[in-house]
Amino acid sequence: MSFLEFSHISKSYPGVQALSDVSFDVAKGAVHGLMGENGAGKSTLIRILSGDQHSDTGEIKIDGQVQKYSSTRDAFHAGVIVIHQELQLVPELTVAENLRLGRFPANAGVIQARQMFTEVGEKLKSAGIDIDPRRKVKTLSIGERQMVEIAKAIMLDARVIALDEPTSSLSSRESEILFALIERLRAEGKVILYISHRLDEVFRLCDSLTVLRDGKLAAHHPSLKDVTREQVVAEMVGREISNVWGWRPRELGKVRLKVEGMSGEKLPVPASFEARAGEILGFFGLIGAGRSELMRLVYGADGRRGGSMAIDGQHVEIADPRQAIRAGIVLCSEDRKHDGIVQGRSLEENINISSRRHHARFGILDLRKEVEIAETFIKKLKVRTPSRKQDIVNLSGGNQQKVILGRWLSEQGVRVLIIDEPTRGIDVGAKSEIYEILYQLAEDGMAIVVVSSELPEVMGICDRILVMCGGRISAHIDREQFSERAILAAALPDKKTPDAIAS
Amino acid sequence: MTNSFKKILLGDQGLVVIFVLAFVLVSIFVPNFLTERNMLGLLQSVVTVGIVACTMMFCLAARDFDLSVGSIVAFAGMVAVMASNATGSITIGILAALLCGATVGLINGVVIAKFRINALITTLATMQIVRGLALISSDGRAVGINDPNFYQLALSKLLGVPTPIWVLLVLFVVFGFVLNRTVFGKNTLAIGGNPEASRLAGVNVDRTRIWIFTLQGAVCAIAGILLASRITSGQPNAAVGLELSVISACVLGGVSLAGGRAAIAGVIVGVMIMGIAENVMNLLNIPAFYQYIVRGVILLLAVLLDNLRSNALGRR
């Protein structure tokens, strides 16, 4: 019955055994989950499947045939399509052009545009994807782009479709559309390999599941009937994590941060809130609700139209991030790659980039101090790296997040830490570590503002939640009153109920 | 054997190794190469490119670009000669040239950083404007130096080595220090690595970029003054195409055009490789026309090597 078969796959890179003797199979018409922490070998396995890398030993069989491909092109012809986290579409071209790229219907070199648009339109419609083929890809939301990628797989008549963290940047509504599409593909007998960190999704969608840990097969579940989430988490991390959140009550102090009437170009309605010393304040909302925009205004990252702020009762004037840092407000951005890490530079430099102003004299660095600070925070935050000289791009997401935390903690006198999507793209083990860091900082009296799109996360770690919807703060809920229903209801635009989203 | 050779070539010091090998080879095979006179001549010939490369390194490291350097060198040379002729004071001439160079750089920096105009376009414009100023101020003719002491800037020697070479060495040391050991240098590299992340980490991105261009202008003026002294006049057409040689030397030295990566050792090697190639071709009496081809080929090979190296790093 097995359609896709991995047998005895091993792959090593210099100094790392990325995969060792991994074997499992997937039945036709199944959605198969592939889970594991970062570095467990999921990406390597997918790269081998897509022909981007070659395994040292072992083979892949599709429909009983051994696949011997030497490039991604061969994999493509064998009907294997991998949809990566970073989508591969040309933003300036239309949806139809992207879908027919390389295979334009042409007459003497002239593209038969009308024919192309109708054909692609029909295909999209029959796949249940409601996107105008004439729209340019750059005008689509990330969710819609993902749909286009999947449409590409369908049009190429793929037999095996691998999705790598497809929902990581989707809103819940977009995710639902994606899930419906996956169901449809399953019904058509395709094999779907679904890679995700999110247990809820895996349990909801997948028929079977493979867990990798440290490059080895940790578990293979041909059916998920009698499998519990706790069991899968334990298989992933190799130990029991009884309580991922680990929230504990805390003594709250006086109001640390007071924001009044904050507004800007992307947040026209003035917003006000307060956070107390020692408090972890959550901001929840759908994508585009204005949470990140509000935080960027507070941090001075974007120009503001109006509003005032006070820290510990003292009015502060913040026009740019430098002033925010000097006033004791720091921000860990949601998009680490674009707004957080400085690529090509070492951990040491990434940590010291801001706090070196305290010890540099006349603009000349105190190298000994820089090393000391880097080593201190690498140790304190348990950053896993061979050395402080390592280029930050070589670290996993969780470790990069810790380096950015280290950057801010090395600034003495941080009073407000704003952290946007603290654990996006970070695996379960590192998540608990980051939460623990946040608790300790709060216990030391910092006010912490957590922005998250993951409801379980905000409910799990925050003392209080503010919900945003359509650019305004729509609810204010204390920990005793936390309920998924109440929070979601406040996050959704008026006309839509939770049921509308599901449909 | 081939593997370890590959490792050395693709390692951090690959270019230095190639440079040393090339140096040894030409020393053995090219007659008159390894003589004191030729060595000093070689260093003299790279002074202009080397001086300007010091600050071009910062420009490129911050993901910027400066095409106006050749024009600033010519213009500053003119200003130095004309101002010292007019006032009778070489010091005033030098100061006027430095001021003019820094001002052009400042304008570049402000337009690029504050008005967010692409650096390539901005400096393409100032390159032409400044060249025009140099031509207008002299009516298109060379301006002779009145005070013979002006020649001494280029002719005087310290410990048997001409002053311009000392200036070059001092600038290499100073800018090497600035790049690696100062907040300004680290901020430059951080901006090149990721400008938005640097801004959000509290780096004053605009001010740093303006400083880079201002310094670049001032350093071009130094090169211009020394050049005018060496050619004994202010030439409005001096240093045409200098920007390309300087950028080539930097790229050859491993400075990434994508920003965030630079090292003074690399830039020195890049400058020297370009200089040696030209020097050797002259010694071998290879016609000047062929020299363009050789320079282009060297640059392409260097970039290919760099590409191989980053691929080798990426695969790890």
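Letters A, B, ... mirror the listed sequences (proteins, then strands); counts begin at 1.
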Note: vs chain B, highest number of non-hydrogen pairs under 4.5 angstrom among A:R356, A:Q323, A:E370, A:R296 is A:R356
Could you state the interatomic distance from OG (B:S198) to CG (A:N350), rounded to the nearest 0.5 Å? 8.5 Å
With rounding to the nearest 0.5 Å, note down the distance linking CG in A:L365 to CZ in B:F184. 12.5 Å
Proximal component of A:I404, with respect to chain B [non-hydrogen, under 4.5 Å]: neither
Testing the basics here: between A:G340 and B:A197, what is the closest heavy-atom pair and its distance to 0.1 Å? O-CB, 3.3 Å
Just give me the residue among A:A324, A:G344, A:P321, A:S333 that pairs up with chain B most often, heavy atom to heavy atom, under 4.5 Å. A:P321
Quick one: of A:E349, A:R326, A:R336, who has the most non-hydrogen atom pairs under 4.5 Å with chain B? A:E349
Rounded at 0.5 Å granularity, tell me how far CZ in A:R357 sits from CG in B:N187. 12.0 Å
What option among A:R345, A:E411, A:R407 has the most heavy-atom pairs under 4.5 Å with chain B? A:R345
Under a 4.5 Å heavy-atom cut-off, does chain A meet the side chain of B:N204, its backbone, both or neither? both
Would you say A:H338 has more than 12 foreign heavy atoms packed within less than 6.0 Å of its NE2? no
Hey, could you give me the NZ/CG distance between A:K337 and B:N194, rounded to the nearest 0.5 Å? 11.0 Å
For chain A, which of B:G202, B:A201, B:S256 has the most heavy-atom pairs under 4.5 Å? B:A201
To the nearest 0.5 Å, atom CG of A:L367 lies from atom CZ of B:R181 at 4.0 Å
Got B:R199 and A:D320 here, is their nearest side-chain heavy-atom distance under 4.5 Å? no
Given that the side chain runs from C-beta out, which part of A:Y299 has a heavy atom under 4.5 Å from chain B: side chain, backbone, both or neither? side chain
If you count heavy-atom pairs within less than 4.5 Å of chain B, which of A:D391, A:I325, A:V342 leads? A:V342
